[in-house]
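We count ligands from 1, going down the list as the structure has it; atoms in each ligand are counted the same way. The figures here come from the full heavy-atom set of this structure, side chains too, leaving out hydrogens, waters and symmetry mates.
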Amino acid sequence: MSEILVLVEHVDGEVKKVTLELLTLAKSLGSPSAVWAGPGLSDAATAKLAEYGADKVYNASSQEIVDYVVAPKAELLAQLVSSAAPAAVLVAATAEGKEIAGRLAVKTDSGVITDAVGLGDGFVADQSIFGGGVNVKSKVAKGTPIVAVRPNSTAPVAAAGAGAVEEVAVALSDAARAAKVVDRVKQEKGARPELTEAAIVVSGGRGVGSAENFSVIEGLADALGAAVGASRAATDAGWYPHQFQVGQTGKTVSPQLYVAAGISGAIQHRAGMQTAKTIVAINKDPEAPIFELADYGVVGDLHQVVPQLTEEVNKRK
Ligand SMILES: Cc1cc2nc3c(=O)[nH]c(=O)nc-3n(C[C@H](O)[C@H](O)[C@H](O)COP(=O)(O)OP(=O)(O)OC[C@H]3O[C@@H](n4cnc5c(N)ncnc54)[C@H](O)[C@@H]3O)c2cc1C
């Protein structure tokens, strides 16, 4: 079966969920080989990668790979593309993943597809473009297909692989050492899941009315074990931090469930959430454009609807 490289996203030695999604996708198309860049591959991490289908785990454990900004990872993958001749390379469509994908495409003279939301036979990728108004299928026509896949596009499915670890030494070029990481500051992490990784997102918009009222949104999010998102109107008003903005100029999310409360559904907001599997809209205006997109809609005042919903969810726990 054709080998497919999957660049592992890991933090503190833990494999991120998006990698399990990529492995699931790779498994449906060939034989996944996970590529671990940097130190920290543990037996537990290897077992996790194997559990989700990795037949091979390339371990490039050199500290240098993480001492410099992205370039070493692109060089590592380019080296593996040359030695293993994989059928495709999958990375997560995160800011870093997309930069690596672009660099790798240049290095290997290959085509690259970013922000894929699906990948099928022949590495034909699905993309949702123009603010999600158009769905396209595209295929790399040159070199090794390099595809950056959006987090939450695929549900991870355990399917055991051999998980054979192969050590990889990387010879970094001087160019790859051009930008050194001098400090790392850990972002404070709350109890909620990370927005772009969350399976459920509850977002509030201008209809929430104030910063204090966002506690209503947070209450539902916590009942569902969800992340909190916000429209730009809400973040621009200073009601919620900008890092939680969903949309064209904010984060792109693709959860299993997206709850939009007091959000009109402007095209720029849709661009960041319309690939969610199920969309629930709560809006007092029955003509709000968000209802065109929603699978389920509640016409009503969110200040009445959301607390009742939260209570109901909590009752069923
Ligand atoms: C270049 C550019 C980039 C942009 N990028 C983004 C982006 O990344 N993300 C983003 O979100 N926007 C973005 N925008 C802004 C976007 O165009 C909209 O202005 C914004 O999404 C509107 O936010 P909203 O839906 O919260 O507010 P509004 O459009 O004002 O809608 C508020 C909604 O709340 C409803 N409502 C009011 N009170 C209640 C209540 N008590 N209960 C229930 N419903 C209620 C109203 O009926 C209304 O539908 C961008 C705009 C531009 C020009």
Side-chain angles (χ1 to χ4, degrees), residues 93-95 97-98 114-115 117 127-134 148 150-153 192-198 200-224 226-255 257-313:
T94 55
K98 285 193 270 191
T114 58
D115 289 316
V117 292
Q127 286 164 300
S128 176
I129 63 161
F130 294 139
V134 178
R150 277 193 186 164
N152 289 311
S153 303
R192 298 191 187 102
E194 209 273 312
L195 181 56
T196 55
E197 292 226 321
I200 306 177
V201 175
V202 181
S203 286
R206 203 193 303 272
V208 174
S210 68
E212 297 72 49
N213 286 351
F214 252 84
S215 59
V216 174
I217 302 297
E218 290 180 331
L220 178 58
D222 291 342
L224 292 167
V228 174
S231 71
R232 180 154 154 187
T235 57
D236 278 357
W239 298 345
Y240 221 66
H242 276 283
Q243 79 219 54
F244 297 101
Q245 182 186 314
V246 172
Q248 187 181 312
T249 43
K251 300 268 167 62
T252 299
V253 299
S254 197
L257 173 64
Y258 188 88
V259 182
I263 293 177
S264 60
I267 184 110
Q268 296 90 353
H269 186 78
R270 291 178 182 211
M273 47 63 78
Q274 65 195 341
T275 53
K277 296 286 178 299
T278 302
I279 297 169
V280 175
I282 301 161
N283 198 302
K284 67 178 183 186
D285 175 8
E287 303 296 326
I290 191 81
F291 287 126
E292 292 163 18
L293 195 68
D295 299 285
Y296 300 95
V298 183
V299 178
D301 183 342
L302 72 90
H303 300 292
Q304 288 171 10
V305 176
V306 176
Q308 287 180 52
L309 186 53
T310 307
E311 199 186 321
E312 201 54 42
V313 172

For [atom], find the nearest protein heavy atom and state the residue, atom name and distance (0.1 Å precision).
{"atom": "atom 12 (N) of ligand 1", "answer": "Arg232 CB, 3.2 Å"}
{"atom": "atom 22 (C) of ligand 1", "answer": "Ala233 CB, 3.9 Å"}
{"atom": "atom 32 (C) of ligand 1", "answer": "Gly262 O, 3.5 Å"}

- Is it the case that more than 12 heavy atoms not belonging to Lys98 sit under 6.0 Å from its NZ atom?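 Enclosed.
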- Are more than 12 heavy atoms from other residues, nucleotides or ligands located less than 6.0 Å from atom CD of Glu311?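 Open.
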Distance-only, no hydrogens or angles: does the [X] side chain make a donor-acceptor pair with backbone N or O of [Y] under 3.5 Å?
{"X": "Lys251", "Y": "Gly272", "value": "no"}
{"X": "Glu197", "Y": "Pro151", "value": "no"}
{"X": "Asn283", "Y": "Ile263", "value": "yes"}

Going by heavy-atom distance to [atom], choose the closest among [options].
{"atom": "atom 14 (N) of ligand 1", "options": "Arg206, His242, Gln268", "answer": "Gln268"}
{"atom": "atom 7 (C) of ligand 1", "options": "Met273, Lys284, Gln245, His303", "answer": "Gln245"}
{"atom": "atom 48 (C) of ligand 1", "options": "Asn283, Asp285, Val208", "answer": "Asn283"}
{"atom": "atom 9 (N) of ligand 1", "options": "Thr249, Ile267, Val246", "answer": "Val246"}
{"atom": "atom 21 (O) of ligand 1", "options": "Ala266, Ser264, Ser203", "answer": "Ala266"}

Out of all atoms in ligand 1, which are within 4.0 Å of some heavy atom of [X]? Include the element for each.
{"X": "Gly247", "value": "7 (C), 8 (O), 9 (N)"}
{"X": "Asp301", "value": "40 (C), 41 (N), 42 (N)"}
{"X": "Ser231", "value": "11 (O), 23 (O), 24 (P), 26 (O)"}
{"X": "Gly205", "value": "26 (O)"}
{"X": "Gly300", "value": "42 (N), 43 (C)"}
{"X": "Gly250", "value": "8 (O)"}
{"X": "Gln248", "value": "7 (C), 8 (O)"}

*Short check: is a protein heavy atom less than 4.0 Å from atom 19 (O) of ligand 1?*
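Answer no: nothing from the protein, no heavy atom, is under 4.0 Å.
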| Does a side-chain N-to-carboxylate-O contact under 4.0 Å join Asp301 and Lys284? |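 Result for this pair is no, no salt bridge flagged.
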- Thr196 versus Val253, closest heavy-atom pair with distance: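 Looking at all heavy atoms of both residues, the closest pair is CA-CG1, 4.3 Å.
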query: If we only count N/O pairs under 3.5 Å, is Ala288 in contact with ligand 1?
result: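 Such a contact does not occur with ligand 1.
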*asked:* I want to check something: taking the side chain as every heavy atom from C-beta on, are Val216 and Val208 in contact at a cut-off of under 4.5 Å?
replied: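 SC-SC contact between Val216 and Val208 ruled out.
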- Message: Counting C-beta onward and ignoring hydrogens, is there a side-chain heavy-atom pair between Met273 and Ile290 closer than 4.5 Å?
- Response: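 Counting from C-beta outward, Met273 and Ile290 do come under 4.5 Å.
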Exercise for review: Return yes when Ala230 approaches ligand 1 closer than 4.0 angstrom through a heavy atom, no otherwise.
Suggested key: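 False for this residue.
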Rounded to the nearest 0.5 Å, how far does CG of Asp115 lie from OG of Ser254?
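Rounded to the nearest 0.5 Å, the OG-CG separation comes out at 10.5 Å.
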Report task. Applying salt bridge (charged side-chain N to carboxylate O under 4.0 Å, His left out), name anything that partners Glu218, two or more places apart in sequence or on another chain. Result ->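 Partners of Glu218 by the salt bridge (charged side-chain N to carboxylate O under 4.0 Å, His left out) criterion, ordered by chain and then number, come out as Arg192.
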